[in-house]
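Data block below; observations after.
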2 protein chains.
Amino acid sequence: MVRKTKFETAQTRLQIIAAAREVFAERGVSRTTLAQIAKAAGVTRGAIYWHFKNKPDLFFAMLEQVSLPFIDRIDETLPEENPGDPLRGVQASMSEVLRLLKEDMVARTTFEIVVLKCEYVDEFASLDIRVNKTGCAFVQKMIGAYSDAKKRGLLREGIDPAQCALDSYIFIKGIIQLWLSDTDGSLIRGKAQSLIDAHIAMRYK
Amino acid sequence: MVRKTKFETAQTRLQIIAAAREVFAERGVSRTTLAQIAKAAGVTRGAIYWHFKNKPDLFFAMLEQVSLPFIDRIDETLPEENPGDPLRGVQASMSEVLRLLKEDMVARTTFEIVVLKCEYVDEFASLDIRVNKTGCAFVQKMIGAYSDAKKRGLLREGIDPAQCALDSYIFIKGIIQLWLSDTDGSLIRGKAQSLIDAHIAMRYK
DNA sequence: CGCAATATACATTCGTGAATGTTTGTATAT
DNA sequence: ATATACAAACATTCACGAATGTATATTGCG
């Protein structure tokens, strides 16, 4: 019972990735064995070694599946809605991150792995660079938005757009980190949205 | 050549902890073996098993060595200097965190391990709770400071002290995280202090 | 105050399990 | 007919914990 059709092959590949994500989140990346992933996916290690070179290769494939759409979502939400008010765009993209955390279980689990269940070392050290790269892009876009807001006279006096954007990036990274580690929800799970609103409100004139 | 004096025994214990911190930061917690730590400390695994039950035990001992003095530093810097202006106290404690990151290599390395080189899983899952606990205490103290500032009429209108404190906590956690992952220093290493200043400045009336 | 007796502080060795990567086998889509 | 998509089996490495060995600091006792 081997040699599946192309569609089935793609399916098992997706199954392996999905299983890897679950086990990574549960056991941590370094402690999960390929045998555990295989069992969760309903295959053997042979299947994994067929589709992926090794664990890091599978890990980054799992990541890519989420990070690419994620960047797109940010790009979409930032300039959209309220074209006259760039601050609303920043707020919207922050809220979108929060929405993903809340509603998109695949995205949430992936974030959880990246923030809490992975060591940035050896073959995974490049993850650092990857995260920072998308971060820089986000900062650049927010600089544009804040500069635009300043031109339109919406921004408070004495605020430097570049510094303000960096502050917002730090803020949203902090939100993600705290939201994920606040497992019982007492700290910020319910307050995150109003924190974002307050963060933006402080920037208005 | 065994059975050292009490002083020497304490020394080797400290050596093991120091070596553990270095190797943890270099290889990540899960990938470092006790043999590597032993080699770095100039002892054998036997010595480690004498002083510590196992790797998690050694890990938490290493952590305790830093976290206890750290909490004390926060408690000291927050209410100190400028007793008439609580906002300066918050600023001072944030700057102190930054100073530790910059100057105290032991603290920096320990932070680096906790943020980037450790998976919050199994025996290390409780690390999460521990971090959150000191975090909550910090938030509580800042709520006190911001409430005090409000009473004195220093705080901007419409700012809720509790929300403001949580925002500051998120901010400082974001600073730490980004500062540590910004290894080449291009992103925030030089700008962190002015970001803190701006963060506080935004809270003044 | 001196001398066993014993606890201490490790080093060394050993057995075991477990994860990895590879190789081989095989049934089936193309 | 052949390359594909795995499963199954194998060999190797390696980390852990425990057991054992041992030399020396302490300590109790006469």
Side-chain angles (χ1 to χ4, degrees), chain A residues 1-62 113 117-119 121-124, chain B residues 1-62 113 117-119 121-124:
Chain A
M1 47 120 174
V2 201
R3 183 68 215 250
K4 314 279 182 65
T5 179
K6 278 188 181 181
F7 175 76
E8 286 173 314
T9 303
Q11 277 303 107
T12 62
R13 192 190 134 94
L14 290 178
Q15 275 176 35
I16 291 170
I17 289 180
R21 181 158 24 234
E22 291 306 312
V23 186
F24 281 156
E26 216 184 299
R27 315 252 184 190
V29 173
S30 66
R31 298 173 89 105
T32 75
T33 184
L34 293 183
Q36 293 170 343
I37 294 173
K39 190 181 177 187
V43 295
T44 65
R45 276 171 51 243
I48 297 179
Y49 275 105
W50 173 256
H51 286 283
F52 307 96
K53 194 185 158 205
N54 48 25
K55 193 157 73 170
D57 189 36
L58 168 56
F59 175 83
F60 283 108
M62 183 271 297
I113 293 165
K117 308 299 175 66
C118 175
E119 296 172 6
V121 147
D122 293 342
E123 311 97 312
F124 301 99
Chain B
M1 46 119 175
V2 200
R3 183 69 216 252
K4 312 283 182 65
T5 179
K6 279 187 182 181
F7 175 76
E8 285 173 314
T9 303
Q11 279 302 107
T12 62
R13 192 190 135 92
L14 291 178
Q15 274 175 36
I16 291 170
I17 289 179
R21 182 160 21 236
E22 292 304 314
V23 186
F24 281 156
E26 217 183 299
R27 316 248 183 192
V29 174
S30 67
R31 298 173 90 103
T32 75
T33 183
L34 293 184
Q36 293 170 343
I37 294 173
K39 190 180 177 185
V43 295
T44 65
R45 275 172 51 240
I48 296 178
Y49 275 105
W50 174 256
H51 286 283
F52 307 95
K53 195 185 158 206
N54 47 25
K55 193 158 74 172
D57 189 37
L58 168 55
F59 174 83
F60 283 108
M62 183 272 296
I113 293 165
K117 307 299 174 66
C118 175
E119 295 173 6
V121 146
D122 293 342
E123 310 97 311
F124 301 99

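Within every chain, numbering begins at 1; the chains are lettered A, B, ... in the order of the sequence lines, protein sequences first and strands thereafter.
The partner of C:dT30 is D:dA1, judged by Watson-Crick or G-U wobble contacts that both fall below 3.5 Å.
Between the C1' atom of C:dG21 and the CG atom of A:Leu58 lies a distance of 15 Å, rounded to the nearest Å. If you take NZ of B:Lys55 and C1' of D:dG17, they are 14 Å apart, rounded to a whole angstrom. A:Arg27 places its CZ atom 14 Å from the C1' atom of C:dA19, with the value rounded to the nearest Å. Between A:Gln15 atom CD and D:dC6 atom C1' the separation is 13 Å, expressed in whole Å. The separation between A:Glu8 atom CD and C:dA27 atom P is 17 Å, rounded to whole Å. If you measure from atom NZ of A:Lys6 to atom P of C:dT30, you get 7 Å, rounded to the nearest angstrom. Between the P atom of D:dA18 and the CG atom of B:Leu34 lies a distance of 12 Å, rounded to the nearest Å.
Between A:Thr32 and the phosphate of C:dA19, there is no side-chain N or O to OP1/OP2 separation shorter than 4.0 Å. One finds a side-chain N or O of A:Thr33 lying less than 4.0 angstrom from the OP1 or OP2 phosphate oxygen of C:dT20. At C:dA9, none of the side-chain N or O atoms of B:Thr12 fall inside 4.0 Å of OP1 or OP2 (strictly under the cut-off).
Counting heavy atoms from C-beta on, the side chains of B:Ile113 and B:Met62 come closer than 4.5 Å. Taking the side chain as every heavy atom from C-beta outward, B:Leu14 and B:Gln11 approach each other to under 4.5 Å. Residues A:His51 and A:Ile17 are not in side-chain contact: their nearest non-hydrogen atoms beyond the backbone lie 4.5 Å or more apart.
Distances from the side chain of B:Thr9 to the nucleotides C:dA9, D:dC6, C:dT20 place C:dA9 closest.
Contacts between residues 37-54 of chain A and DNA chain C, defined by a heavy-atom separation under 4.0 Å, are made by A:Arg45, A:Tyr49.
In this pair, A:Phe124 and A:Phe59 present their aromatic rings perpendicular. The plane angle is above 60°, beyond the 30 to 60° band.
Each of A:Lys55, A:Lys117, A:Gln36 was scored for a side-chain contact (heavy atoms from CB on, under 4.5 Å) with A:Phe24, with one residue passing: A:Lys55.
Both B:Phe7 and B:Gln36 lie close to DNA chain D; mapped to their nearest nucleotides by heavy-atom distance, the more 5′-ward contact belongs to B:Gln36.
Judged by distance alone, the side chain of B:Glu119 and the main-chain N or O of B:Ser30 form no donor-acceptor pair under 3.5 Å.
Applying the side chain to side chain donor-acceptor pair (under 3.5 Å) rule to B:Asp122 yields the partners A:Arg31; only residues at least two apart in sequence or on another chain are considered.
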